[in-house]
Amino acid sequence: MSFQALKLIDPLLRTLESLGYDKPTPVQQQAIPAVLAGRDLLAAAQTGTGKTAGFALPLLQRLTMEGGKAAPQSVRCLVLAPTRELAEQVYESFRRYGGNLPLRSSVAYGGVAIDPQLAKLRKGLDVLVATPGRLLDLHRQGAVNFGELQTLVLDEADRMLDLGFAQDLDALFAVLPAERQTLLFSATFSDAIRAMAGKLLSNPVSVQASPVNAAARTVRQMVYTTDKKTKPALFLHLLRTKRWGQALVFVKTRKGADQLVSQLQAEGISADAIHGDKPQPARLRALERFKAREVQLLVATDVAARGLDIQALPLVVNFDLPTVAEDYVHRIGRTGRAGAEGEAVSLVCADEVELLRAIETLTRQVLKRDEVPGFEADHRVPSTGTPAAGAKPSQAARRASAARPGRPMAPQGLPKGAVIVAGGKGAKAAAKAAAKNVAKAMARGGRSPGGRSGKR
Ligand code: AMP
């Protein structure tokens, strides 16, 4: 199917051609006709599916075809996004796709001065992309009028709820016109999301999309077991010996991100952090420098990294495992894009075993573990689940148990009989099966059939 077949107007087709988009992605094929027809939409789609163009293109087209312009302080089309970075990215997409159209768009989020946002609103906007908190502030100041609102888009609705925006959203929904088109995009579908969809959508078209390029299928996953205190040294060692290039490095906390960046910089490695404590301009600057390849490592927390569109990333490192298993799937989805080979490396210490277990349960795989001599864990990190037949303990494990006679393979409190899967035919078969499962999990938006397995 072509973009022409989706009946997009010439100015949009010209833009798409100049961007090198040959054909619509599955989510675009499903969403564009429905949105053009004015239908509500319930879309299971995460970053990487082309979802942004899936709603931006038809909305830009409708606004153009209807003609007219927004009255002062009015907004014709509103897109709500969970984070400043995602809001900025979606706004950039509207600007890019709407480059040949006479429409006014803007973006509003917290953490930066409100005055320029007020000034933009004063003239009226065809498209406003905003985070819920700042938009509510603007509304309370009487700066925005929703009387002319035609379409509401909720992008990454699940993440908006995760970030505690439920109340802000309810307050906003209460002041939007009931008569409108609503599009809801979410990677996962909890009861709360379903309830929200039930309340907001009227006879919606359902859209389901797996990532454009099935990222996970091409992602090699690896776990290195180590100790908490040895992690930074192991990371540096791997960085140098494996000659890692650019990588997105995930850590658990904001403090952890800053600490790691300092350690790396002290070693002469260019690194920058992106997390919620950083002022917005600094976050955007870090992202731009990383995209421009001026910085080798971008150290991020999950919240800050969510939704970021960083293309052709060869490597994702989980310096800390995520506390929510689904985030593992989101994280590794940052690599292996566009069919490129990608690698996801996780550094796991003893107190992350439960997290690893949750990830393995969610993705239904046994992750291949290895150790680097000199950086081993004091305690073995056991494999979970049922290892594939024929799986053997790793060389490192055999070496470790030979070197330390009498030391149990599995530390106390872990299941008896747990073994390390790090090599052998069985492990290869397990890894192959696992890659398939991750691809499926990504297509499901990281949700296991039995529901969430990670702790919130
Ligand atoms: P999204 O899922 O909206 O974050 O988009 C992911 C990436 O895919 C963005 O970098 C888009 O520019 C790109 N993209 C979206 N649609 C297409 C398409 N039809 N062909 C090629 N690339 C696309």
Side-chain angles (χ1 to χ4, degrees), residues 1-9 12-33 35-36 41 43-61 79-99 105 107 127 129 153-160 183-188 207-216 218-219 248 287-288 290-292 304-313 316 329-340 342 439 442-446:
M1 184 186 284
S2 66
F3 281 111
Q4 279 89 345
L6 291 174
K7 303 201 165 58
L8 289 179
I9 52 178
L12 290 174
L13 292 175
R14 284 204 308 274
T15 302
L16 293 170
E17 199 183 333
S18 71
L19 290 172
Y21 292 9
D22 300 336
K23 58 183 178 59
T25 68
V27 73
Q28 291 161 4
Q29 289 178 25
Q30 298 168 72
I32 291 173
V35 178
L36 283 176
L41 206 70
Q46 60 193 48
T47 302
T49 56
K51 67 181 165 76
T52 317
F55 60 81
L57 293 169
L59 290 177
L60 286 165
Q61 175 150 333
V79 184
L80 292 175
T83 62
R84 303 150 183 196
E85 281 81 8
L86 185 66
E88 191 70 48
Q89 224 163 263
V90 170
Y91 166 61
E92 277 307 317
S93 299
F94 269 96
R95 275 172 50 112
R96 200 175 334 132
Y97 301 139
S105 56
V107 62
V127 179
V129 185
V153 183
L154 298 162
D155 197 9
E156 302 203 356
D158 50 351
R159 190 45 61 144
M160 284 200 270
L183 319 177
L184 190 155
F185 288 79
S186 194
T188 59
V207 166
Q208 199 111 37
S210 47
V212 183
N213 28 50
T218 53
V219 178
L248 183 58
L287 181 61
E288 287 313 314
F290 184 68
K291 281 187 171 179
R306 173 83 181 206
L308 295 186
D309 177 31
I310 302 166
Q311 287 188 317
L313 201 58
V316 164
V329 180
H330 290 304
R331 286 179 179 189
I332 72 166
R334 300 324 175 85
T335 180
R337 289 191 164 191
M442 288 204 64
R444 281 199 308 270

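Start at 1 and go down the list; that is how both ligands and their atoms are numbered. As a basis for the values below, the full set of heavy atoms in this structure was taken, side chains included, without hydrogen atoms, waters or symmetry mates.
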What do we get for Phe3 next to ligand 1 when only non-hydrogen atoms under 4.0 Å count, side chain, backbone, both or neither?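 The side chain, only.
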Which is it for Gln28 and ligand 1 at heavy atoms under 4.0 Å: side chain, backbone, both or neither?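 Side chain only.
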With respect to Pro24, determine whether any N or O atom, backbone or side chain, lies less than 3.5 Å from an N or O atom of ligand 1.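 No - when backbone and side-chain N and O of Pro24 are compared with those of ligand 1, no distance drops under 3.5 Å.
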Quick check: Asp22 and ligand 1, any N/O pair under 3.5 Å apart?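 Such a contact does not occur with ligand 1.
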Going by heavy-atom distance to atom 12 (O) of ligand 1, choose the closest among Phe55, Tyr97, Tyr21, Phe185.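 The residue whose heavy atom sits nearest atom 12 (O) of ligand 1 is Tyr21.
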Counting only N and O atoms by type, is there a donor-acceptor contact under 3.5 Å from the side chain of Gln61 to the main-chain atoms of Lys7?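 Yes; judged by distance alone, with no hydrogens or angles, the pair exists.
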For residues [X] and [Y], report the shortest heavy-atom separation together with the two atoms involved.
X	Y	result
Leu12	Leu8	CD1-CD2, 4.3 Å
Ala56	Tyr97	CB-CD1, 3.9 Å
Arg331	Val316	O-CG2, 3.6 Å
Gly54	Ala31	O-CB, 3.7 Å
Ser105	Arg95	OG-CG, 4.0 Å

Which of the atoms in ligand 1, numbered in the order shown and given with their element, are less than 4.0 Å from a heavy-atom of Thr52?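 By the 4.0 Å cutoff, the relevant atoms are 1 (P), 3 (O), 4 (O).
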Close approach, Lys23 and ligand 1, non-hydrogen under 4.0 angstrom: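 Flag set, Lys23 near ligand 1.
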